[in-house]
Amino acid sequence: MKSFHKMSKLYAPTLKEDPANAELASHRLMLRAGMIRKGAAGLYSYLPLAWRSLLKIEQIIREEMDAIDAQEMLVPILTDEDLWKQSGRWNAYGPELMRMHDRHEHIYALGPTHEESFTDLVRNELRSYKQLPVTLYQIQDKFRDERRPRFGLMRGREFIMKDGYSFSANQASLQECYDQEKDAYAKICERIGLRALQVVADSGQIGGDTSVEFMALAEAGEAELVYCDDCGWAADVEAATAGVSLQSSGAGACERIHTPQIATIEDLADQLGVPTSATVKALALIDQEGNNVVCFVPGSHELNDCKAEKYFGEYHLMTEDELKEVGLIRGFIGPVNLPQDIEVYADCTLKDIEYWTIGANEVDYHLLHAQQGRDFTINTWVDVISAKAGDACPHCGAALKSARGIEVGQVFQLGTKYSEAMGATFMDVNGREKPLVMGCYGIGVSRALAAVIEQYHDANGICWPVSVAPYEVEVIPLDVHDEVVWPVASRIATELSELGVEVLLDDRKERPGVKFADADLMGMPYQVICGKKAVVNGVVELKHRATGERSEVAFAEVAQMLAQKITEQRA
Ligand code: ATP
Ligand code: MG
């Protein structure tokens with residue numbers, strides 16, 4: 001890439017105002033900085049600034065893939081309907097798969113991912129164990145007709161993904177390929193500048209993970225995570241089964257207590273002077289089959305939708321009318337004296353809690369010391385609560401923290417799912433025909449760019465990490481007509497570019513205020529500000545965008561000094 005560009009030539013139409021319908025910082029700032037433009041829902045053009053960053057992300061990916069002997073190639077975006085039928089995904093993929101036909105009425109799908117294409121590619125030619133393992137990857141536009149395309153590049157209908165596939169002779173070899181990819185993904189995230197957690201998406205039978213998601217930490221993330229600072233364990237709250245420490249409400253005879261004006265579990269805990277973890281709350285719902293269900297969970301925790309659906313299917317919480325109809329009283333539901341025809345479930349964390357503080361099934365009354373076995377029994381124990389900060393790490397017991405995350409990548413052990421379905425076999429050492437053992441590895445290039453901005457921005461704009469910044473330095477002459485300022489600025493820009501630094505020179509005839517605002521918005525890591533007074537004194541001002549730190553540097557030395565700083569920070 002040419003390393004020195006003039007702002008006057010740059011196609012980056014900036015916006016002064018925040019665009020409507022851009023809730024996320026990354027979306028808003030990319031629009032404002034003239035990095036992306038929307039074509040239609042979920043379809044974006046990448047303008048020059050975005051494209052430079054995307055190429056850098058791709059380059060980092062290529063280098064890390066190269067280091068583990070994964071080979072880059074490219075398969076067609078259009079994929080034959082027949083392949084999807086062979087794998088069984090033509091129907092399974094549903095409306096997200098964008099389908100089309102050619103002039104001969106032959107049907108295709110725009111690839112949302114390419115397991116089928118790669119399996120088809122190798123199935124006739126990767127025939128011997130001697131050729132294995134092989135890992136192939138591509139960086140290409142993917143198409144998914146997302147139900148809700150939104151947040152700019154975060155969830156597009158056309159987006160850039162690196163997708164890779166490994167082919168092995170056996171599970172041990174797959175494990176090796178998978179571990180290498182997983183390590184490479186961690187390095188990629190680190191080099192891009194992303195603070196990311198490895199979240200176990202799926203555990204294998206022998207305890208190891210068979211799929212991990214790379215979650216970039218950001219408030220804007222869709223995923224709710226819990227993680228352990230001590231041992232590095234992390235999970236989606238929907239998958240996590242953390243250790244929940246609950247308080248016992250003490251032993252004793254079952255006591256009926258008057259609790260008027262109690263609207264929430266917090267009110268109850270307050271009145272009794274105990275933490276919510278010493279109380280039990282009840283959720284009344286109607287499951288998919290129409291059964292009336294009461295499910296008890298610790299007062300300190302929430303019912304998790306995703307987990308609950310495993311037991312109750314498409315359930316809904318009872319409405320006021322439905323509660324009345326079955327004889328339940330909102331806020332006062334409990335396991336003692338429940339009306340007929342109600343199935344009783346409780347979260348398994350309550351199993352060891354002998355005495356419960358719980359509703360009395362009577363208006364304005366709760367029970368203290370309702371004892372399991374003596375006063376009530378629970379038929380079915382289930383795992384239905386969301387883990388949360390403070391719960392114990394299931395690995396090491398330390399207190400978990402919570403965060404939100406953006407899924408930027410995922411590695412997955414596929415096994416023989418596709419090779420068996422599609423007849424992709426090889427000859428093993430003993431001359432026996434066996435299905436290839438596969439892994440797949442995806443990372444969202446365009447989503448990663450958005451995730452970087454989520455992690456690196458402030459009120460004025462983007463604060464790029466050096467590794468993926470469109471340019472590393474912006475040189476800002478405050479008056480391009482000045483016969484002292486301009487030559488110094490253009491000399492610094494030339495020197496920097498000769499030292500291999502990527503420079504944007506703001507050669508526009510704009511007011512300083514406009515230049516400063518644009519420089520902060522576009523967010524190059526360093527700004528070299530050349531004002532008349534300073535230049536006359538032999539210095540320029542160096543501003544570090546992220547910290548706002550400013551210093552005066554002799555203009556004869558600034559290029560050398562910056563080049564060194566930047567080299568150190570390049571990933
Ligand atoms: P999500 O759960 O966010 O829809 P996914 O699990 O379906 O993503 P994968 O099939 O694992 O996604 O794809 C690999 C990577 O591609 C994801 O980790 C993500 O970075 C990226 N990606 C997936 N869908 C989109 C999209 N609609 N827009 C941008 N990037 C995407
Ligand atoms: Mg995924």
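Quantities reported herein were computed from a predicted structural model and do not represent experimental measurements.
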Does the pair [X]/[Y] count as a salt bridge with the N-to-O cut at 4.0 Å?
X: Glu23; Y: Arg28; result: no
X: Asp305; Y: Lys310; result: no
X: Glu158; Y: Arg144; result: no
X: Arg89; Y: Glu116; result: yes

Stepwise side chain to side chain contact (heavy atoms under 4.5 Å, CB included) test for Trp464 and Val452: CA-CA 8 Å; Trp464 290 107; Val452 168; 4.1 Å; yes
Main-chain N/O of [Y] paired with [X] side-chain donor or acceptor, under 3.5 Å:
X: Thr319; Y: Glu322; value: yes
X: Thr416; Y: Val437; value: no
X: Arg37; Y: Tyr46; value: no
X: Lys56; Y: Ala469; value: yes
X: Asn361; Y: Gly334; value: yes
X: Asp520; Y: Ala517; value: no
X: Gln455; Y: Leu217; value: yes
X: Asp209; Y: Val200; value: no
X: Tyr456; Y: Gly193; value: yes
X: Lys142; Y: Leu110; value: no

Taking atom [atom1] of [X] and atom [atom2] of [Y], what is their separation to the nearest 0.5 Å?
X: Ser446; Y: Ile160; atom1: OG; atom2: CD1; result: 5.0 Å
X: Leu268; Y: Thr279; atom1: CG; atom2: OG1; result: 6.0 Å
X: Cys228; Y: Asp391; atom1: SG; atom2: CG; result: 12.0 Å
X: Ile333; Y: Cys295; atom1: CD1; atom2: SG; result: 11.5 Å
X: Arg150; Y: His27; atom1: CZ; atom2: NE2; result: 12.0 Å

For [X], what residues pass the salt bridge (charged side-chain N to carboxylate O under 4.0 Å, His left out) criterion, not counting sequence neighbours?
X: Arg195; value: none
X: Glu354; value: none
X: Asp287; value: none

Evaluate the criterion ring pair (Phe, Tyr, Trp, His ring centres under 6.0 Å) for residue pair Tyr165 and His114; output intermediate values, then yes/no. CA-CA 9 Å; Tyr165 307 88; His114 279 91; 7.6 Å; no
Do [X] and [Y] have side chains that approach each other closer than 4.5 Å (heavy atoms only, starting at C-beta)?
X: Val384; Y: Tyr311; value: yes
X: Asp145; Y: Pro95; value: no
X: Thr349; Y: Val297; value: no
X: Trp233; Y: Cys393; value: yes
X: Met154; Y: Ile406; value: yes
X: Ile342; Y: Val293; value: no
X: Val445; Y: Met161; value: no
X: Cys463; Y: Arg545; value: yes

Within a reach of under 6.0 Å around [atom1] of [X], are more than 12 heavy atoms found that belong to other residues, nucleotides or ligands?
X: Glu96; atom1: CD; value: yes
X: Lys187; atom1: NZ; value: no
X: Gln569; atom1: CD; value: yes
X: Asp18; atom1: CG; value: yes
X: Asn21; atom1: CG; value: no

Residues that Thr14 engages under side chain to side chain contact (heavy atoms under 4.5 Å, CB included), provided they are two or more places apart: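 Here the qualifying residues are Asp518, Leu521, Met522.
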Any chance the side chains of [X] and [Y] put a donor and an acceptor closer than 3.5 Å?
X: Gln410; Y: Ser211; result: yes
X: Ser166; Y: Tyr441; result: yes
X: Gln413; Y: Gln175; result: yes
X: Gln180; Y: Lys182; result: no

Do Tyr93 and Trp84 make the cut of ring centroids closer than 6.0 angstrom?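 Here the rings of Trp84 and Tyr93 have centres that are less than 6.0 Å from each other.
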Is the distance between the ring centroids of Phe312 and Tyr345 under 6.0 Å?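 Yes - the distance between ring centres of Phe312 and Tyr345 falls below the 6.0 Å cut-off.
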Pairs meeting criterion salt bridge (Lys or Arg N to Asp or Glu O under 4.0 Å) with involvement of residues 261-282, two or more places apart: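 Non-adjacent pairs meeting salt bridge (Lys or Arg N to Asp or Glu O under 4.0 Å): Lys281-Glu302.
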Could I get the full list of side chain to side chain donor-acceptor pair (under 3.5 Å) partners for [X], not counting sequence neighbours?
X: Glu255; answer: none
X: Ser26; answer: Glu454
X: Lys307; answer: Asp383
X: Asp230; answer: none

What ring-ring contact (aromatic ring centres under 6.0 Å, His included) pairs are there with at least one residue in residues 256-302, not counting sequence neighbours?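 Residue pairs with at least one partner in residues 256-302: His258-Tyr365, Phe296-Trp356.
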Taking only residues at least two apart or on different chains, which pairs with a member in residues 324-340 satisfy side-chain hydrogen bond (donor to acceptor under 3.5 Å, both in side chains)? Glu320-Arg330
With sequence neighbours excluded, give me every side-chain hydrogen bond (donor to acceptor under 3.5 Å, both in side chains) pair touching residues 399-409. Asp229-Lys401
Under the side chain to side chain contact (heavy atoms under 4.5 Å, CB included) rule, what do Tyr315 and Leu303 come out as? Steps first, then yes or no, please. CA-CA 12 Å; Tyr315 72 95; Leu303 182 78; 3.7 Å; yes
Pick out which of Glu64, Glu190, Lys162 makes a side-chain hydrogen bond (donor to acceptor under 3.5 Å, both in side chains) with Tyr185.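 So the option named by the test is Lys162.
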